[in-house]
Amino acid sequence: MVQLSAEGERDPCALFHFLVWGVGGVVLCCCGYTGNLLSLIALQKDARTPATTLLQSLAVSDLLLLTVVCVTEFVPRICDYGHVCDNVWVVWPPVRYLWLLVPMAHMASIWIAVLIAANRYWAVCRPHDTATVWTNRRTWIYVACVAFAIVVFNVPRIFEYRIVYTYHNGTKMADNATTADHVTLSSLDANSTVYSSVVANVASDDTGTWKYEETTTDFGNKYAYTHIYKVGLVNTLLILLPLGFLLVSSVWVIRSLHVGSSASLVKKKTKKETSSRKAGSTAAAAAAAGSGGDEYRKSSPSREVTFVLVTVVLVAVACQTPLAVFHFVRYLYQYRCGHVVFYLENISKFLVNLNACVNFVIYCILGPRFRRLLVLAVTCSAKETGPGGRGGEGGGGRTSRTRESVEMSRNSVKT
């Protein structure tokens with residue numbers, strides 16, 4: 001059924017909503033589900049480290065976000081536009097309480113990205129404290145504390161609306177009447193465009209109709225809730241504070257990596273040249289200096305992990321920033337379909353959902369170790385471990401290469 005306005009007119013942006021949130025949303029769900037599930041499986045093959053724990057937690061929060069948004073946003077758009085199913089917001093208004101998982105999952109993804117940025121800051125800028133601050137056990141505690149705090153913070157949303165069962169006097173509705181006439185589309189403060197005024201017909205007789213209706217409670221209309229909580233606290237803890245920390249910490253980490261790279265490269269070349277002069281061979285010195293630069297350009301496993309995680313953080317900032325702009329611009333303008341702010345709203349929220357799908361692509365492009373883990377997961381091979389059988393960042397690749405060299409030696413002896 002085509003989305004109707006409160007006056008029963010055809011929604012002029014119905015096609016736009018269908019293409020962006022219906023077709024595009026389903027594609028995001030399929031790609032996001034596949035990528036995040038493969039990430040979980042591949043990372044399970046890796047040695048247990050704080051970085052692995054954080055990336056798996058991020059994949060879980062992204063899966064939760066995509067699941068709830070698919071049920072409450074993507075599928076209803078397809079139902080409304082294509083007449084293929086009933087809109088869940090119409091036939092089952094308590095879906096509002098399921099939708100509450102959307103802001104929780106969104107906030108969890110952002111704050112897990114904050115934990116990732118903090119982990120890389122300690123690993124690069126304060127390496128001597130990393131072993132005590134970022135243990136496997138403490139990392140799980142950090143993730144659990146973030147999850148608990150997010151649930152507690154979003155509890156007030158439960159009391160914003162209530163579902164009531166009311167009787168409406170009037171003539172009996174015709175058999176071919178649709179419940180879409182009772183649905184008004186608007187935007188909610190959090191992360192997704194949802195149906196804010198929902199009326200579902202559940203029974204009717206000759207004189208009236210019994211309906212489920214979603215109404216705003218007195219608590220939901222209070223100034224403290226609408227302004228202090230939804231405007232002040234939500235914008236601060238969902239946008240300003242985490243995005244600010246992500247930007248600052250990423251700059252520190254990138255700067256430290258750049259300074260460390262330059263210093264290490266100069267030191268390594270100087271050492272090679274000195275040793276070559278003592279040997280009395282100028283040609284050997286040049287070759288040693290060149291090989292030293294080549295060795296350095298081959299990033300160590302720890303640097304590889306840092307590079308991947310910093311990229312994940314920067315992509316999160318890029319995808320979340322348009323939503324931050326919208327959260328402040330929407331209070332300045334009254335907008336409708338076709339307005340610039342309308343498109344800013346939809347694009348910014350689409351980018352948030354895209355961010356939940358893109359991490360797998362980042363791992364595959366920038367992480368050679370992740371690609372090896374993915375092959376191990378797909379082929380059901382043994383789990384990688386660090387040197388000496390212990391877990392460590394990047395240690396498993398060294399063990400794999402050693403095994404390969406041993407097998408090659410055996411084959412040559414047989415030959």
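Every heavy atom of this structure was used, including side-chain atoms; hydrogens, water molecules and symmetry mates were not. Along the sequence shown, residues carry numbers from 1.
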Before giving the answer on side-chain contact (heavy atoms from CB on, under 4.5 Å), spell out for F350 and L28 the whole-Å C-alpha distance, their side-chain angles and the decisive distance to 0.1 Å. CA-CA 9 Å; F350 187 85; L28 284 183; 3.5 Å; yes
What are the two closest heavy atoms between Y97 and R162, and how far apart are they? OH-CA, 3.7 Å
Rounded distance (nearest 0.5 Å) linking atom SG of C337 with atom NE2 of H17: 6.5 Å
Please tell me if the side chains of V88 and T72 come closer than 4.5 Å, counting only heavy atoms from C-beta onward. no
Sidechain-backbone polar pair: T217 side chain, E160 backbone, donor-acceptor under 3.5 Å: yes
For H339 and E345, which I'm curious about, is there any donor-acceptor pair between the side chains at under 3.5 Å? no
Output the distance between atom CD1 (I228) and atom OG1 (T226), rounded to the nearest 0.5 Å. 8.5 Å
What are the two closest non-hydrogen atoms of L40 and Q56, and how far apart are they? O-NE2, 3.3 Å
Over 12 foreign heavy atoms within 6.0 Å of CG, N221: yes
At their closest point, which heavy atom of R330 faces which heavy atom of V341, and how far apart are they? CA-CG1, 4.5 Å
Under a 4.5 Å cut-off applied to non-hydrogen side-chain atoms, are F370 and I362 in contact? no
Spacing of CD belonging to Q320 relative to CG belonging to L246, to within rounding of 0.5 Å: 9.0 Å
Table please: side-chain donor-acceptor pairs of residues 137-148 below 3.5 Å, with sequence neighbours left out.
unit_1: R138; atom_1: NH1; unit_2: T132; atom_2: O; d: 2.9
unit_1: T139; atom_1: OG1; unit_2: T135; atom_2: O; d: 2.7
unit_1: Y142; atom_1: OH; unit_2: V133; atom_2: O; d: 2.8

Return yes if some donor-acceptor pair links the side-chain N/O of N36 with the main-chain N/O of A356 below 3.5 Å, else return no. yes
Report yes if the side chains of C364 and L374 come closer than 4.5 Å at any heavy-atom pair, otherwise no. yes
Measuring only between side-chain heavy atoms, which start at C-beta, is V75 closer than 4.5 Å to V71? no
Between atom CD1 of I254 and atom CZ of F307, what is the distance when rounded to the nearest 0.5 Å? 9.0 Å
Using modelled atom types and a 3.5 Å cut-off, is there a donor and acceptor pairing between side-chain atoms of N136 and backbone atoms of R48? yes
Side-chain heavy atoms of D46 within contact of R369, under 4.5 Å: yes
Closest non-hydrogen atom pair between T52 and T49, with its separation: OG1-OG1, 2.9 Å
Short question: side chain of S249, backbone of A118 - any donor-acceptor pair under 3.5 Å? no
Any side-chain heavy-atom pair of L257 and T306 under 4.5 Å: yes
With sequence neighbours excluded, tell me which residues meet salt bridge (charged side-chain N to carboxylate O under 4.0 Å, His left out) with R126. D129
Compare every heavy atom of A51 with every heavy atom of R120, then report the nearest pair and how far apart it is. NH2-CB, 4.4 Å
For residues F328 and N235, report the shortest heavy-atom separation together with the two atoms involved. CZ-CB, 4.1 Å
Steps toward ring pair (Phe, Tyr, Trp, His ring centres under 6.0 Å) verdict (F153, Y229): CA-CA 10 Å; F153 179 78; Y229 175 79; 5.2 Å; yes
Under 3.5 Å, side chain of W99 to main-chain N/O of V68, donor-acceptor pair present? no
Please step through side-chain contact (heavy atoms from CB on, under 4.5 Å) for the pair W21 and I78, ending with a clear verdict. CA-CA 8 Å; W21 296 110; I78 297 175; over 6 Å; no
Intermediate values then yes/no, side-chain contact (heavy atoms from CB on, under 4.5 Å), C357 and L66: CA-CA 9 Å; C357 308; L66 290 172; 3.9 Å; yes
Look up atom OG1 in T53 and atom CG in N119, then write down how far apart they are to the nearest 0.5 Å. 9.5 Å
Flag if over 12 foreign heavy atoms under 6.0 Å of OH, Y225: yes
Using atom types as modelled, flag every donor-acceptor pair under 3.5 Å from a side chain in residues 107-117 to any protein atom, sequence neighbours excluded.
unit_1: S109; atom_1: OG; unit_2: S61; atom_2: OG; d: 3.1
unit_1: S109; atom_1: OG; unit_2: D62; atom_2: OD1; d: 3.0
unit_1: S109; atom_1: OG; unit_2: A105; atom_2: O; d: 3.1
unit_1: W111; atom_1: NE1; unit_2: L237; atom_2: O; d: 3.0

I want to check something: taking the side chain as every heavy atom from C-beta on, are L55 and Y363 in contact at a cut-off of under 4.5 Å? yes
Answer whether the closest heavy-atom distance between the side chains of V124 and V310 falls below 4.5 Å. no
I would like to know whether L37 and L63 meet side-chain contact (heavy atoms from CB on, under 4.5 Å); could you show each step before the answer? CA-CA 8 Å; L37 286 176; L63 280 173; 3.9 Å; yes
Could you check whether F16 and Y81 have their ring centres less than 6.0 Å apart? no
What distance separates Y343 OH from C13 SG, expressed to the nearest 0.5 Å? 5.0 Å
Between K349 and E73, is the closest basic N to carboxylate O distance under 4.0 Å? no
